[in-house]
Amino acid sequence: IAILYRSNSQGAVFEVELKRLGVPFRITGGTGFFDRKEVKDWLAYLRCSLRPNEIAFRRIVNTPNRGIGEQTLSQIEEYAEANKVTLFQGAKNWREIGVSETAGQSLDELFSELAKLKEEILCPSTQASSQRLQTAMIRIGYRRYLDKYSKNPQASEFRWRMLEVL
């Protein structure tokens, strides 16, 4: 079976449904929906808000830019390893590590946003879940991030529209 479509945004719906139904598929001639940076970023945000893991945390810790660099991450890694805690828990203990106040406050803001995101996901609401997710993306600054790092406004809008499928 082959499914032909003219634009990546059309393929996203097929890809999501095929994945949901467990139907194996292969994408040729373009980037798969789940291979797109913005989709991986937001899935990492959702993972970290519900059940943090190291890979997802590394992906979002400085996306969008929060001023948390490699030196800060190295300090957190060393602390986590020495204290046998997760990277996520180590980052929560940034004051004990000696992380700069600016980077530490950025970490606190990230943890606060993740808690809000978890609440928005799990709490019943009259607002559609896709709308709640978009509101969270805007609040966290992801829309501005797309605008800043996309080649042009059309690319930014396309990337934003791809996230609407989530």
Side-chain angles (χ1 to χ4, degrees), residues 12 15-16 18-20 22 24-27 31-125 127 129-151 155-156 158-160 162-166:
E15 192 174 341
V16 168
L18 290 171
K19 193 171 201 90
R20 186 181 68 78
F25 62 92
R26 182 173 44 129
I27 308 243
T31 304
F33 177 73
F34 291 101
D35 295 329
R36 302 189 65 80
K37 179 189 181 324
E38 58 274 14
V39 173
K40 287 182 177 183
D41 289 347
W42 270 91
L43 291 176
Y45 266 100
L46 293 171
R47 281 187 193 108
C48 277
S49 70
L50 297 172
R51 190 173 184 175
N53 73 45
E54 186 169 333
I55 294 169
F57 182 69
R58 284 180 182 281
R59 182 170 200 97
I60 67 165
V61 71
N62 208 34
T63 304
N65 192 317
R66 296 183 174 86
I68 300 166
E70 287 303 315
Q71 181 179 355
T72 300
L73 278 176
S74 291
Q75 287 177 290
I76 296 169
E77 286 170 350
E78 289 172 17
Y79 174 87
E81 190 173 311
N83 292 280
K84 299 191 181 349
V85 297
T86 65
L87 188 67
F88 193 82
Q89 187 59 47
K92 284 189 168 195
N93 297 335
W94 64 268
R95 285 179 181 85
E96 296 175 30
I97 302 171
V99 168
S100 75
E101 190 70 24
T102 304
Q105 287 176 352
S106 293
L107 287 168
D108 283 345
E109 289 170 16
L110 173 60
F111 295 130
S112 175
E113 288 298 339
L114 290 173
K116 288 178 193 172
L117 182 58
K118 181 178 183 175
E119 188 175 309
E120 289 169 344
I121 293 168
L122 298 178
C123 290
S125 173
Q127 191 179 38
S129 59
S130 60
Q131 185 60 44
R132 290 184 295 191
L133 185 58
Q134 281 188 333
T135 300
M137 287 186 226
I138 291 168
R139 186 186 65 240
I140 289 171
Y142 201 80
R143 179 64 195 247
R144 283 189 311 276
Y145 171 78
L146 289 179
D147 291 343
K148 183 175 182 180
Y149 291 103
S150 294
K151 294 178 189 174
S156 174
F158 175 78
R159 293 172 77 188
W160 181 251
M162 292 301 282
L163 290 171
E164 289 179 345
V165 176
L166 289 176

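Atoms considered below: every heavy atom in the structure, side chains included; atoms not considered: hydrogens, waters and symmetry mates.
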J.: Is any side-chain heavy atom of Glu120 closer than 4.5 Å to a side-chain heavy atom of Arg139?
T.: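 Yes; the side chains approach each other to less than 4.5 Å.
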J.: What residues, two or more places apart in sequence or in another chain, satisfy salt bridge (charged side-chain N to carboxylate O under 4.0 Å, His left out) together with Arg143?
T.: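 For Arg143 the salt bridge (charged side-chain N to carboxylate O under 4.0 Å, His left out) partners, ignoring immediate neighbours, are Asp147, Glu157.
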J.: Restricting to non-hydrogen atoms, name the atom on Leu18 and the atom on Phe25 that form the minimum distance, rounded to 0.1 Å.
T.: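 Heavy atoms of Leu18 and Phe25 come nearest at CB-CD2, 3.7 Å.
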J.: Just to verify, what does Ser106 make a side chain to side chain contact (heavy atoms under 4.5 Å, CB included) with, not counting sequence neighbours?
T.: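 Ser106: side chain to side chain contact (heavy atoms under 4.5 Å, CB included) contacts with Arg66, Ile68.
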J.: Any heavy-atom pair between the side chains of Glu101 and Trp94 that's under 4.5 Å?
T.: yes
J.: If I take atom CZ from residue Arg132 and atom CD from residue Glu119, how far apart are they, to the nearest 0.5 angstrom?
T.: 10.5 Å
J.: Measuring from Thr63:OG1 to Ile140:CD1, what's the distance to the nearest 0.5 Å?
T.: 11.5 Å
J.: Find out whether Glu113 and Tyr45 are in side-chain contact, i.e. whether some heavy atom of one side chain is under 4.5 Å from a heavy atom of the other.
T.: no
J.: Is the backbone N or O of Gly67 less than 3.5 Å from a side-chain atom of Asn62, with the two atoms forming a donor-acceptor pair by type?
T.: yes
J.: Is the shortest side-chain heavy-atom distance between Asn93 and Asn83 below 4.5 Å?
T.: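 Counting from C-beta outward, Asn93 and Asn83 never come under 4.5 Å.
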J.: In Å and rounded to the nearest 0.5 Å, what is the CD to CD1 distance from Glu78 to Ile97?
T.: 9.5 Å
J.: Output the distance between atom NZ (Lys118) and atom CZ (Arg51), rounded to the nearest 0.5 Å.
T.: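 With rounding to 0.5 Å, NZ (Lys118) is 11.0 Å from CZ (Arg51).
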J.: Heavy atoms, side chains only, cut-off 4.5 Å: are Ser150 and Arg159 in contact?
T.: yes
J.: Do other residues, nucleotides or ligands put more than 12 heavy atoms under 6.0 Å from the CD atom of Gln89?
T.: yes
J.: Do other residues, nucleotides or ligands put more than 12 heavy atoms under 6.0 Å from Glu70 CD?
T.: no
J.: Return yes if some donor-acceptor pair links the side-chain N/O of Ser112 with the main-chain N/O of Asp108 below 3.5 Å, else return no.
T.: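 Pair absent, no side-chain N/O of Ser112 close to backbone of Asp108.
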J.: Can you tell me which residue pairs pass the ring pair (Phe, Tyr, Trp, His ring centres under 6.0 Å) test with a partner in residues 52-79, sequence neighbours excluded?
T.: Phe57-Phe88
J.: Give, for atom OG1 of Thr135 and atom CG of Leu117, the distance between the pair rounded to the nearest 0.5 Å.
T.: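 If we round to the nearest 0.5 Å, Thr135:OG1 and Leu117:CG are 11.0 Å apart.
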J.: Minimum heavy-atom separation for Ile60 to Ala44, with atom names?
T.: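 Shortest heavy-atom separation between Ile60 and Ala44 comes out as CG2-CB, 3.6 Å.
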J.: Does a sphere of radius 6.0 Å around NZ in Lys148 hold more than 12 heavy atoms from other residues, nucleotides or ligands, not counting ones at 6.0 Å or beyond?
T.: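 Check fails, neighbour count at 12 or below.
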